[in-house]
There are 2 protein chains.
Amino acid sequence: MVPGMIADRKPPPRRTQVDRREQSDRRMLRAATRLFARQGVSGTSLAEVGLAAGYSRGLPVDRYGSKLGLIEALLDSMAAWFEARVADSASGKRGVEAVLERIEAHVDGARKSPLATAALYSIYLESLAAMPALRPKVGALLDRWRGELVVGLRQAQAAGELRSDIDCEQHAAIILGALRGLIIEHLMADAETDLDAIRDAVTGLVRQAMLSPAPRKMVRR
Amino acid sequence: MVPGMIADRKPPPRRTQVDRREQSDRRMLRAATRLFARQGVSGTSLAEVGLAAGYSRGLPVDRYGSKLGLIEALLDSMAAWFEARVADSASGKRGVEAVLERIEAHVDGARKSPLATAALYSIYLESLAAMPALRPKVGALLDRWRGELVVGLRQAQAAGELRSDIDCEQHAAIILGALRGLIIEHLMADAETDLDAIRDAVTGLVRQAMLSPAPRKMVRR
DNA sequence: TCTTACTTGCTGACTGACAAGTAAGTGATA
DNA sequence: TATCACTTACTTGTCAGTCAGCAAGTAAGA
């Protein structure tokens, strides 16, 4: 602090209501992400989220109505991130190429935002039993992702890249199931299992279903 | 009630203290399994367990000391079941054969006792975040199972069944990660994903690591 | 001055845990 | 074999702590 300055305390910049709302939204969702990743959904109280975001304990309820509302808002923002990521990298691709891009996008999420991934998986897992109220929303999200993978597999099958005896619905479920299990493993073991190895194992599942086990031409990193 | 009978109420058969304890133990663990499978670990109170088992709300705490104690007892009994299952089917087998038997044992657990499997996975998943106190016990269990799988893979590698560039530790983690992810998928989707398909997908991961992709000679059912 | 963002006070419901009590089984002695 | 001292199984009363959610208030922006 330099004495004699005109103002010791910087005047708070005047923010519009929209700004305030957007900022507090962002901060609360960030705080929730961090806390969910570290302590799980049911291990985190709404009060904690508000305080960790730098506000009062009451704001999250006021903003989102309920704990469920907060989690749904968080899921929405994560889904938006993923859609953008896929739209960016898989646009124009079809069949096996598109499928591999989607797999890479999932792995890349875990690589780029481990915290968000841990939070997302906490939500998945607790929706199974601890918080059944989450199931519809989580189920819809997973179904959408699986459906989009099925489209890619069907294209591949139609184009003769994939064996015709493959059940695309089931194979999509297997690919995503394995992918999620491996990412959980990765999160649990503090990143001991390499993400590239995970990607290779899952792309291996795709290659198993292909007509000619084509040479790997994966995107590096 | 027939009047005039010598005794309306059948005299309760005299059970020894050991019998009583064993019976109440069994009942409480069964009730806990059912409740954990349906509502998750943190969604189930000790009182519920006691009452569902046909006793008072206080017995579980008296018997197991704490919620953690109850869960650990449940994990012990499940681990014992699995060890017995493996000792039965994989004894004398080595290398790839032993590895495939272990995979089948895991899948078979999900097939034979879906309720226990759902409960076990609830415990896994909540140990990640919602109940960190569980991590040591769960971690030790998973490590043991992984370690035993690594032994099989190493034997296979030494016997020339497996490629020599495979990292057995990592491959074991991948196999189990995928297996668990697929079983979770199976539990979530209400058994939509076929368990045989799951087994095939995971044995496929083993076959990828083999020198000559031998013809499948899996145990049917 | 009016609306919207945010805070604080409060409550009812629940839970894990403890402690004090009752009932059932055991083993020794007469 | 009856009874009595003792242990073990099980129940009930209770409490401290937590949490989601509401409602009434204050402050910031329009």
Side-chain angles (χ1 to χ4, degrees), chain A residues 9-32 35-36 39-74 123 126 129-134, chain B residues 9-32 35-36 39-74 123 126 129-134:
Chain A
R9 60 186 62 211
K10 38 192 166 184
R14 189 180 169 89
R15 295 170 302 156
T16 67
Q17 298 280 52
V18 176
D19 280 342
R20 293 179 78 192
R21 180 172 257 271
E22 278 176 356
Q23 189 171 64
S24 54
D25 249 334
R26 233 176 307 126
R27 285 186 181 168
M28 282 194 286
L29 293 182
R30 282 185 70 87
L35 290 167
F36 288 173
Q39 346 172 357
V41 177
S42 54
T44 301
S45 69
L46 289 172
E48 271 180 293
V49 173
L51 294 174
Y55 297 90
S56 70
R57 59 184 172 69
L59 190 56
V61 173
D62 187 79
R63 182 64 52 82
Y64 303 106
S66 69
K67 193 171 185 177
L68 186 63
L70 165 65
I71 299 167
E72 291 186 341
L74 192 57
I123 297 174
E126 300 199 32
M131 290 202 64
L134 277 171
Chain B
R9 59 187 62 209
K10 37 191 167 185
R14 187 180 171 92
R15 294 169 304 155
T16 66
Q17 300 276 53
V18 176
D19 280 343
R20 294 178 77 192
R21 179 174 260 269
E22 279 177 355
Q23 192 172 62
S24 54
D25 250 333
R26 233 175 310 125
R27 285 185 181 169
M28 282 194 287
L29 293 182
R30 282 186 69 88
L35 290 166
F36 288 173
Q39 347 174 356
V41 177
S42 53
T44 301
S45 70
L46 289 173
E48 271 181 294
V49 173
L51 295 173
Y55 296 90
S56 70
R57 60 183 172 71
L59 190 56
V61 173
D62 186 78
R63 185 64 52 83
Y64 304 106
S66 68
K67 192 170 186 177
L68 186 62
L70 165 65
I71 298 167
E72 291 186 341
L74 192 58
I123 297 175
E126 301 199 30
M131 291 203 62
L134 277 171

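Chain letters run A, B, ... following the sequence lines, proteins first and then strands; every chain starts at 1. Only heavy atoms go into these numbers, but all of them, side chains included; no hydrogens, no water, no symmetry mates.
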Item checked: Value in whole Å for how far the P atom of dG16(C) lies from OH of Tyr64(B) -> 16 Å

Item checked: Closest to side chain of Asp62(B), choosing from dC6(C), dG21(D), dT11(D) -> dT11(D)

Checklist line | Distance in angstrom units between Tyr55(A) OH and dT26(D) P, rounded | finding: 22 Å

Item checked: pair Glu22(B)-Val18(B): side-chain heavy atoms closer than 4.5 Å -> yes

Next item on the list: Take atom CD of Gln23(A) and atom P of dC6(C), then tell me their distance rounded to the nearest Å.
Entry: 9 Å

Note to self: Quick check for you: among dA20(D), dC10(D), dT3(C), whose closest atom lies nearest to any side-chain atom of Gln17(A)?
What the structure shows: dT3(C)

Check: Separation of Asp19(A) atom CG from dA30(D) atom P, in whole Å?
Finding: 9 Å

Item checked: Interatomic distance, Glu22(B) CD vs dC10(D) P [rounded to whole Å] -> 12 Å

Next item on the list: Measure from the side-chain heavy atoms of Arg20(B) and tell me the nearest of dG29(D), dA20(D), dC10(D).
Entry: dC10(D)

Next item on the list: Determine: side-chain N/O of Ser24(B) to OP1/OP2 of dC10(D), distance under 4.0 Å, yes or no.
Entry: yes

Note to self: Between Glu126(B) and Ser42(B) (side chain of the first, backbone of the second, donor and acceptor by atom type, cut-off under 3.5 Å), is there such a pair?
What the structure shows: yes

Next item on the list: Kindly say whether Thr44(A) contributes a backbone atom to a donor-acceptor pair with the side chain of Lys67(A) at under 3.5 angstrom?
Entry: yes

Notebook entry, point to check: To the nearest angstrom, how far is Leu59(A) atom CG from dA28(D) atom C1'?
Noted result: 14 Å

Check: Could you walk me through whether Leu70(B) and Val61(B) pass the side chain to side chain contact (heavy atoms under 4.5 Å, CB included) check?
Finding: CA-CA 8 Å; Leu70(B) 165 65; Val61(B) 173; over 6 Å; no

Notebook entry, point to check: Between Thr16(B) and Leu46(B), which has a closest nucleotide on DNA chain C that is more 5'?
Noted result: Leu46(B)

Next item on the list: Look at Arg21(A) and dA5(C) and indicate whether a side-chain polar atom (N or O) is within less than 4.0 Å of OP1 or OP2.
Entry: yes

Next item on the list: Would you indicate, yes or no, if dC6(C) has its OP1 or OP2 atom less than 4.0 angstrom from a side-chain nitrogen or oxygen of Arg63(A)?
Entry: yes

Notebook entry, point to check: NA contact type, Thr44(B), heavy-atom cut-off 4.0 Å: base, sugar-phosphate, or nothing?
Noted result: sugar-phosphate

Notebook entry, point to check: Can you tell me how far P of dC6(C) sits from CG of Asp25(A), to the nearest Å?
Noted result: 9 Å

Check: Tell me: CG of Leu51(A) to C1' of dT7(C), nearest whole Å?
Finding: 11 Å

Item checked: Gap between atom CG of Leu51(A) and atom CG of Leu46(A) - 0.5 Å precision -> 11.0 Å

Next item on the list: Assign Arg57(A) to base, sugar-phosphate, or nothing according to its heavy-atom contacts below 4.0 angstrom with the strands shown.
Entry: base

